[in-house]
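Lettering follows sequence order; numbering is per chain, from 1.
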There are 2 protein chains.
Amino acid sequence: MIDGVKQQKWWGWGEEGKAYHHEDKPKFAPFVKKMVGVDITAPVAPVPPFSSLDVPASRLSDALRADLESVLGAGFVQTDDETRVVHGFGKGVRDLLRVRSGRLSRLPDVVVYPGTQQEVERLVDAVVAADGVLIPFGGGSNIVAALEAKPDEHRQVVSVNLGRMNKVLEIDEVSGLAHIEAGVFGPDMEDQLRARGWTMGHHPDSFVWSTLGGWIATRSSGMQSDKYGDIADICRGLTMVMPGRVLTLRPLPSTSSGPSVREMVLGSEGRLGIITSAWVNVHRIPEVRELQAYFFPTYEDGLKACQEIVESDAAVMMARVSDAIETQYIMANGKKSSRLGSLSSKAIQKIMLQKGWDLEKIAMSFVGFEGSPTHVRYEKGLVSKIVRRHGGMGVGKGPGSLYDQKKYDTPYIRDFMLDRGLVADVSETSTPWAYAEQIHTNTVAAFQRAMDEIGVRGVVFCHLSHSYHSGACQYFTFAIADSSPDAEKTYDHAKRVIQQSFMDNHGTVSHHHGVGEEHSPWMDQDISPAGVFIQQALFDGVDPGRNLNPGKIIHEGAPGISTNSTEA
Amino acid sequence: MIDGVKQQKWWGWGEEGKAYHHEDKPKFAPFVKKMVGVDITAPVAPVPPFSSLDVPASRLSDALRADLESVLGAGFVQTDDETRVVHGFGKGVRDLLRVRSGRLSRLPDVVVYPGTQQEVERLVDAVVAADGVLIPFGGGSNIVAALEAKPDEHRQVVSVNLGRMNKVLEIDEVSGLAHIEAGVFGPDMEDQLRARGWTMGHHPDSFVWSTLGGWIATRSSGMQSDKYGDIADICRGLTMVMPGRVLTLRPLPSTSSGPSVREMVLGSEGRLGIITSAWVNVHRIPEVRELQAYFFPTYEDGLKACQEIVESDAAVMMARVSDAIETQYIMANGKKSSRLGSLSSKAIQKIMLQKGWDLEKIAMSFVGFEGSPTHVRYEKGLVSKIVRRHGGMGVGKGPGSLYDQKKYDTPYIRDFMLDRGLVADVSETSTPWAYAEQIHTNTVAAFQRAMDEIGVRGVVFCHLSHSYHSGACQYFTFAIADSSPDAEKTYDHAKRVIQQSFMDNHGTVSHHHGVGEEHSPWMDQDISPAGVFIQQALFDGVDPGRNLNPGKIIHEGAPGISTNSTEA
């Protein structure tokens, strides 16, 4: 661990000492019990101590160590066990299952912390000269197995942590562009921008523990993307270090200079080089920012309303709606005293019942507005009409502010659940609007059928998270009540069923989590074999020695999960 | 020429019989005389007859002819001289200079007109099996030398015209997506869409003579891109035929499936395969569509106002402003009786003079609004305030409707000028807003200095054409009074100076015309040598036999113009 570079727990999300508590949310334990039969109030075995892990020794050669130390200084070349374990995994539940049970796979042999662009250039050349493997770590929040070496990797594996490269270097206040080092974490970056009156407006769920470089390398998208765009829109230029060369793409609003190299680096997951800085769109902090909450009789009503909202003359910052189960999950997570808690009050329920709504089917929605006070008022007027046309009702901005405070905390709930034998994770996809309802219905059904077949209790729920003219992203959360040693297999099965349902229902392998190894088996189905051929040609041509995070994006059979259970 | 596939003149833009006339615009001849000393009223030598050209014979082998005829039928395999000449060039002024003087370079040996996806697959395989070269023609409006074979190409050259593949195949009315064959021309496509109440909203200057496939292959942008997006935003999925395989990208609103293959095909200019169809965003025809005209005291005021407009709470469809010379050009092109003519009326001039404006510096602007009547009123209100804040004044919607009618006619004026010894063409770039003023000033100055140095009269003018959060495209038109046999050299010199000025002032080689051979010498400066290396790796990996439009995008020294005059 390096001074000034924050590091997550080895066994879970975020920092030591921060955890989810259910005691002040009286409806939560009954909700979980009802859904998956797990009693979260029962005593829990503690996570085993780090010392119980059997950590394989680093294979770093003296020669490469000397080279790296001469480039970076000895303090920034780390080979201790905990640092290597933390950098050997992302934070998917599959990662946590493995690391907690001591199945450590092929850990990096060394973790390096360069402080400058020039140091990255020199370290990349040193590692490639030694025929080593380079894996950029980002913030370590990856959930698609993009951070780990291939299990049979016999070469030296170097994990690159850019956490020291965390400065906003320059703000072009005329253009609304900022030049920022790639290793900066979300909150640190927004603090630096906000101190000067700017925001980037990119807020993925992983915001607290992910970096600018990681967002670009995975084609991230934030919860305000309806206004600010995906990272692919936000990132206008960048610098990437490649073996023996440096790619420099100056910031441009739009260009017609052949196949877009910028769009090749976006989503490259370390396979083309190490992104060291980027030019991104930044915006003046809006005068007004407001999240309004609405209820719809059903999720389907909410989906239709959201499509109409994003297609209307209003240009909202976000339009989100949760399905019935997720709505119940949100309500169950409300503190008794909170405004969210009050939503399930008898008074509101009475109105819903008067409207003839089935309380088991209601869907909660948040719509975000930004701009001048007049503009926000104008847009709220437009949205209200649409909500009413779809049978919905507004319930004010109370729940929205609560959502805003809690929006990054979901992974702590996931870890809390894992402690209690409930294996939970997320998977998201996008489709054209025509298939939005179908992919939801069919994916929920496929998951439930699969769990019924193997006799494991599970629950899946979903929200519409990001909208575009022609379609939207839906974000599924699923939890499986399996505390057995086979939990990873059960997870793999559930995940496989969900991913295959995405493909069978006009969806993509991922809207914004990336491919890594976990999603790579579906790439043929997603972009067609010719698309995989094109990506392979690109990787082979740029990295003939396979030194740059090999095995990601293109399926090579391991470790991950496969499209059919027999191959797994 | 094939029944039902329209074809341009061999010697100029558009169809035979359509031409520009100046007689009804009394101010135009004096304007040209003043600017470049050319008398456009003098008699003009006719374009030489086609029969005067010395057309090299087709080198198509009997074997390949037989293969192609068996795939397509004899009628869709054309080797006559005029068809080959028309398909051997784009429509840049450099193309016209060469073709009119009989310098025909390496023409295609055959032009093929497939009618189906399967025919394209079979013909691509037949040509590659014969080690021939495939060049997709699009609508033939290219101006960066992307349609011609390398001068020393010894293999058989096949130009592929998809003009028969011109149908809107399907409209997904729920998602706002249409599946359209790539060979359709702009007006035909919009007619098919509008008949069902939809529009794609993509209107490049070349609209009448360019195709959907061509727009995608060059990363085109239309004049309403502020609302509808560039073609890169509009195109959500596509089919591309490659040797031995077919790429199928299903329509997706957004995806995180590795480096974007969609964004590699966009701008690929035939180097990865032949685009046969695409899924594009389509929109309901808006209730109201209005172009409002404004005047600003200077171009710089107009630039600042446009930036503020696109960054405001209004979401306009277009914001365009012309510099002083282009404003004078537009006014000089007004018919005496028209509303544009009336703008130069004594009454309006009097108001401007009262405001203390210098009439030689005024800048004309068009801003486009779409939506419900209420919304258009709301946005016009926001824009009016911004215009006033920058010292501008509104002059109503008369000039806008005139602009709308005439917006595709500029190339006819260019041909009219060329008949009169005035070599004119266009070049566009984009920059961050911070450099918008600088690149305009410096490019105009560099061009004038270059013309002064060689003692040729020339004029250059410009408008802001496409805006984004962090920057904009500026579109330059330049004309050189050179009727000598050296006119092509003079053009090359002017073009070289303009392109280098783009690079020296934070611009890109092209915002939406593409690279071809003409812009390829600047690619190293634009995307850095590492960016060119990445593109080269992609092309080499996908097309190791160099059968797919070789020599484009990556600079190979010929024929085009080079970054320094000695190399040319």
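At least one side-chain heavy atom of A:Arg245 sits under 4.5 Å from a side-chain heavy atom of B:Phe533. Between A:Met317 and A:Glu379 the shortest side-chain heavy-atom distance does not fall below 4.5 Å. At least one side-chain heavy atom of B:Thr218 sits less than 4.5 Å from a side-chain heavy atom of B:Asn142. A heavy-atom distance below 4.5 Å is found between the side chains of B:Trp198 and B:Ile171. When side chains are defined from C-beta on, A:Glu437 counts as touching A:Lys304, because their heavy atoms get closer than 4.5 Å.
Ranking B:Val261, B:Thr429, B:Leu382 against chain A, the residue ahead of the rest is B:Val261, based on heavy-atom pairs under 4.5 Å. Chain A forms more heavy-atom pairs under 4.5 Å with one residue of B:Gly267, B:Gly541, B:Ala315 than with any other, namely B:Gly267. For the set A:Ser470, A:Gly176, A:Ser510, A:Ser528, the count of heavy-atom pairs under 4.5 angstrom toward chain B peaks at A:Ser470. Between chain A and the options B:Leu538, B:Thr248, B:Val265, heavy-atom pairs under 4.5 Å are most frequent for B:Thr248. Each of A:Ser254, A:Ala217, A:Gly273 has some count of heavy-atom pairs under 4.5 Å with chain B, and the biggest count is that of A:Ser254. Contact tally against chain A (heavy-atom pairs below 4.5 Å) for B:Leu249, B:Ile553, B:Val509, B:Leu252: the top residue is B:Leu252. Chain B forms more heavy-atom pairs under 4.5 Å with one residue of A:Pro251, A:Gly229, A:Pro432 than with any other, namely A:Pro432. Contact count against chain B (heavy-atom pairs under 4.5 Å) is highest for A:Val542 among A:Val532, A:Val542, A:Asp230. The candidate from B:Ala530, B:Gly258, B:Gly471, B:Ala537 with the greatest count of non-hydrogen atom pairs under 4.5 Å with chain A is B:Gly258. Taking chain B as the reference chain and counting heavy-atom pairs below 4.5 Å, the highest number among A:Gly514, A:Ser256, A:Ser312, A:Pro286 is found for A:Ser256.
Contact annotation for A:Val282: only backbone heavy atoms (N, CA, C, O) come within less than 4.5 Å of a heavy atom of chain B. Looking at A:Leu247, both its backbone and its side chain come within 4.5 Å of chain B, counting heavy atoms on both sides. With a threshold of 4.5 angstrom between heavy atoms, B:His513 approaches chain A through N, CA, C or O but not through any side-chain atom. In this structure, no portion of B:Asp540 lies under 4.5 Å from any heavy atom of chain A. Heavy atoms of A:Thr255 lying under 4.5 Å from chain B belong to its backbone as well as its side chain. For B:Ala472, the part lying under 4.5 angstrom from a heavy atom of chain A is the backbone only. Heavy-atom distances place no part of A:Glu428 under 4.5 Å from chain B, backbone and side chain included. Interface residue B:Glu311: only side-chain heavy atoms are found under 4.5 Å from chain A. Both the backbone and the side chain of A:Asn281 come within contact range of chain B, with heavy atoms under 4.5 Å apart. Contact of A:Ile527 with chain B is made through backbone and side chain together, with heavy-atom distances under 4.5 Å. At a 4.5 Å heavy-atom cutoff, the contact between B:Val246 and chain A is made by backbone atoms alone. Proximity to chain B (any heavy atom under 4.5 Å) is shown, for A:Ile534, by both the backbone and the side chain. Using a 4.5 Å cut-off between heavy atoms, B:Ala434 touches chain A through backbone and side chain atoms alike. Only the side chain of A:Met523 comes within contact range of chain B, judged by heavy atoms closer than 4.5 Å. Looking at A:Asp172, the atoms closer than 4.5 Å to chain B (heavy atoms on both sides) all sit in the side chain, from C-beta outward.
Side-chain polar atoms of A:His506 and A:Thr431 form no donor-acceptor pair below 3.5 angstrom. Under the 3.5 Å distance criterion, with hydrogens and angles disregarded, no donor-acceptor pair is assigned to the side chains of B:Ser430 and B:His511. At a cut-off of 3.5 Å, with distance as the only test, no side-chain donor of B:Asp526 or A:Ser257 sits close to an acceptor on the other residue. In this structure, a donor-acceptor pair under 3.5 Å is absent between the side chains of A:Ser220 and A:His512.
Ring pair B:Trp279/B:His179 is parallel by interplanar angle, where below 30° counts as parallel and above 60° as perpendicular.
The six-membered or imidazole ring of A:His469 lies away from that of B:Tyr228, with a centre-to-centre distance of 6.0 Å or more.
In this structure, CG in A:Asp504 is found 9.5 Å from CD in A:Gln438, a value given to the nearest 0.5 Å.
Scored by the side-chain contact (heavy atoms from CB on, under 4.5 Å) test, B:Ser372 finds A:Asp313, B:Glu287, B:Thr374, B:His375 as partners (sequence neighbours excluded). With sequence neighbours excluded, the residues satisfying side-chain contact (heavy atoms from CB on, under 4.5 Å) with B:Ser427 are B:Phe478, B:Lys495, B:Ile498, B:Gln499, B:Phe502, B:His519.
Annotation: side-chain hydrogen bond (donor to acceptor under 3.5 Å, both in side chains) contacts involving residues 259-273 of chain A, sequence neighbours excluded, comprise A:Arg219-A:Glu263.
Here the side chain of A:Asn505 pairs no donor or acceptor atom with the backbone of A:Gly507 at under 3.5 angstrom. Proximity of a side-chain donor or acceptor of B:Glu121 to a complementary backbone N or O of B:Gly244 within less than 3.5 Å is not detected.
For the residue pair B:Val310 and B:Ser467, the shortest heavy atom distance occurs at CG1-CB, 3.5 Å.
Residues of residues 232-240 of chain A lying under 4.5 angstrom from chain B, judged on non-hydrogen atoms, are A:Arg236, A:Met240 in numerical order.
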